[in-house]
Number of protein chains: 2
Amino acid sequence: MTAQKAQKEQEAQKQTSPSGRFLEHPDRADIRLEGVLHALSDPMRLQIVRDLAAVEGELNCSVFDLPVSKSTTTHHFRVLRENGVVQQIYRGTAKMNALRRDDLEALFPGLLGSVLTAASLQASRLSAAP
Amino acid sequence: MTAQKAQKEQEAQKQTSPSGRFLEHPDRADIRLEGVLHALSDPMRLQIVRDLAAVEGELNCSVFDLPVSKSTTTHHFRVLRENGVVQQIYRGTAKMNALRRDDLEALFPGLLGSVLTAASLQASRLSAAP
DNA sequence: CTCGTAGTTTGACATCCCTCGTACTACGAG
DNA sequence: CTCGTAGTACGAGGGATGTCAAACTACGAG
């Protein structure tokens with residue numbers, strides 16, 4: 001499922017779901033470059049974004065094998081969402097995550113790609129040097 | 001003067017200058033993507049980088065008209081230098097600053113460009129909507 | 001030598017950020 | 001209905017960050 005479909009699904013949930021499990025997302029126009037850069041400047045969050053980019057779809061929180069507690073994981077996903085980097089939506093007990101590729105590309109063309117490339121290069125560089 | 005020339009000049013100073021006014025810079029291999037993103041995620045520092053990029057050369061600290069005190073300005077330049085974004089060198093009483101374009105381009109191709117483009121786009125976007 | 005200019009250092013302060021544990025809620029399976 | 005799973009909320013602690021003012025250092029001009 002694409003991020004756009006997920007967004008529409010969330011819109012639908014806002015009107016039909018009785019339980020109020022909604023997640024606030026910034027509008028595209030409210031996403032700030034400084035916020036995005038800050039969100040990406042944490043190693044844990046950068047790893048999350050790389051994983052999300054790798055699968056081209058959406059992932060639930062628990063597939064990420066992060067070396068931190070559950071609360072900390074929640075915190076990092078919240079930062080990514082509040083800064084407009086990811087789209088989150090509840091599906092049953094799971095919370096699915098997807099990159100907001102289109103929004104980011106429209107606002108900051110090429111930025112996500114070069115950050116992902118840079119992260120890959122750095123990862124190779126660091127693992128190659130013992 | 002280019003950043004490379006400035007670096008050589010600093011190497012020379014390390015051996016000849018009696019006063020010990022040197023500034024530590026990370027080697028290219030020690031520059032980390034997370035650090036660069038963090039350095040760029042502050043509005044003040046992003047503005048500095050944009051100004052440096054605009055002139056294609058080097059600028060001393062005082063040409064930046066930042067709405068903060070002198071100590072805070074020193075602090076921001078230090079963060080940029082310690083994270084490998086700028087090259088600094090003393091020339092008389094002035095401290096000249098230049099982007100480390102080549103190092104950044106080698107490590108993270110396209111990153112600096114897309115960040116600068118994104119910053120320009122955002123600036124237009126924000127100033128256009130009153 | 002003396003002075004002004006440019007920038008640093010130090011210390012302080014408020015705030016934010018990453019992390020955690022514990023208690024809690026929402027949902028699906030049975 | 002009951003239970004297990006997935007994730008949230010709520011502090012709280014410890015460290016980093018952005019900001020400032022005041023005292024200081026280094027250099028060039030005169």
Side-chain angles (χ1 to χ4, degrees), chain A residues 9-10 13-14 16-25 32 34-49 58-83 85-97, chain B residues 9-10 13-14 16-25 32 34-48 58-83 85-98:
Chain A
E9 181 172 343
Q10 189 184 32
Q13 282 195 9
K14 269 193 190 170
T16 62
S17 172
S19 65
R21 285 234 284 177
F22 308 125
L23 295 163
E24 287 304 315
H25 290 74
R32 292 286 170 273
E34 298 90 326
V36 172
L37 293 176
H38 168 248
L40 297 176
S41 72
D42 181 274
M44 215 71 71
R45 293 193 290 261
L46 186 55
Q47 186 57 54
I48 292 173
V49 169
E58 60 182 5
L59 295 174
N60 67 35
C61 287
S62 52
V63 308
F64 299 91
D65 192 23
L66 303 174
V68 293
S69 72
K70 268 198 307 181
S71 352
T72 304
T73 302
T74 296
H75 161 72
H76 285 308
F77 275 103
R78 182 209 297 258
V79 172
L80 288 170
R81 170 170 49 84
E82 290 180 343
N83 286 291
V85 180
V86 305
Q87 169 81 226
Q88 297 186 294
I89 187 172
Y90 286 107
R91 195 185 312 292
T93 66
K95 186 164 72 171
M96 307 307 287
N97 301 272
Chain B
E9 181 172 344
Q10 189 183 30
Q13 281 195 7
K14 269 193 189 172
T16 62
S17 172
S19 65
R21 286 233 286 176
F22 308 128
L23 295 163
E24 288 304 316
H25 289 75
R32 292 286 170 275
E34 298 89 327
V36 172
L37 294 176
H38 168 249
L40 298 176
S41 72
D42 181 274
M44 215 71 71
R45 294 194 289 262
L46 186 54
Q47 185 58 53
I48 292 173
E58 59 183 5
L59 295 174
N60 66 35
C61 286
S62 52
V63 307
F64 299 92
D65 193 24
L66 302 175
V68 293
S69 72
K70 269 198 305 181
S71 356
T72 304
T73 302
T74 297
H75 161 71
H76 285 307
F77 275 103
R78 182 210 297 258
V79 172
L80 287 170
R81 170 171 48 85
E82 290 181 342
N83 285 292
V85 180
V86 305
Q87 169 81 227
Q88 297 187 293
I89 186 171
Y90 286 106
R91 193 184 315 289
T93 67
K95 186 163 74 171
M96 307 307 288
N97 301 271

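Letters go in sequence order (proteins before strands), and every chain restarts at 1. A quick note: this is a predicted structure, and the numbers were derived from the prediction, not measured.
Contact annotation: B:H76 side-chain N/O to D:dT19 OP1/OP2 distance is under 4.0 Å. Within the 4.0 Å cut-off from OP1 or OP2 of D:dC27, not a single side-chain nitrogen or oxygen of B:R91 is found.
To the nearest angstrom, P of C:dA6 lies 13 Å from CG of B:D65. Going from atom OH of A:Y90 over to atom C1' of C:dA26 covers 9 Å, rounded to whole Å. Rounded to an integer number of Å, the gap from CE of B:M96 to P of D:dC27 is 16 Å. Atom pair A:E82:CD and D:dA9:P shows a separation of 10 Å (rounding to whole Å applied). Going from atom CG of B:L40 over to atom P of D:dG18 covers 12 Å, rounded to whole Å. Rounded to an integer number of Å, the gap from B:L66 CG to C:dA6 P is 15 Å. Note: CG (B:L80) to P (C:dG7) measures 15 Å, nearest angstrom. Protein atom CZ of A:F77 is 18 Å distant from nucleotide atom C1' of D:dA9, rounded to whole Å.
With a 4.5 Å cut-off on side-chain heavy atoms, B:T73 and B:I48 do not count as touching. At least one side-chain heavy atom of B:R45 sits under 4.5 Å from a side-chain heavy atom of B:H38.
Listed nucleotides C:dC18, C:dT10, C:dC20 differ in distance to B:S71; the shortest reach to its side chain belongs to C:dT10. With C:dA6, C:dT19, D:dT19 as the choices, the nucleotide that has an atom nearest any side-chain atom of B:M44 turns out to be D:dT19. Candidate nucleotides C:dC20, C:dC18, C:dG7 were compared by shortest atom distance to the side chain of A:D42, and C:dC18 ranks first. Relative to the side chain of B:T93, the nucleotides C:dC18, D:dA6, C:dA6 differ in distance, and C:dA6 lies closest. Side-chain proximity of A:R78 to D:dA9, D:dG7, C:dG7: nearest is D:dA9. If you check D:dC10, C:dG28, D:dA21 against the side chain of B:S69, the one that comes closest is D:dA21.
No N or O donor and acceptor, one from the side chain of B:T74 and one from the base of C:dG7, sit under 3.5 Å apart.
In A:R78, the CZ atom is not crowded: 12 or fewer heavy atoms of neighbouring residues, nucleotides or ligands sit closer than 6.0 Å.
The CG atom of B:N83 lies 11.0 Å from the CZ atom of B:R32; values are rounded to the nearest 0.5 Å. In this structure, the separation between CG on B:L37 and CG on A:D42 is 11.0 Å, given to the nearest 0.5 Å. Distance CE/A:M44 to NE2/A:H75: 10.0 Å, rounded to 0.5 Å. Interatomic distance, B:E24 CD to B:R81 CZ, rounded to the nearest 0.5 Å: 8.0 Å.
Taken together, the paired segments of DNA chain D that extend over three or more consecutive Watson-Crick or G-U pairs, each closer than 3.5 Å at both contacts, are C:1-30 with D:1-30.
Looking at residues two or more places apart in sequence or on another chain, you find a side chain to side chain contact (heavy atoms under 4.5 Å, CB included) between A:S69 and A:S71, A:T72.
Taking for each of A:K70 and A:H38 the nucleotide of DNA chain C with the nearest heavy atom, the 5'-most of the two is the partner of A:H38. The residue among A:R45 and B:R81 whose nearest nucleotide of DNA chain C lies closer to the 5′ end is B:R81.
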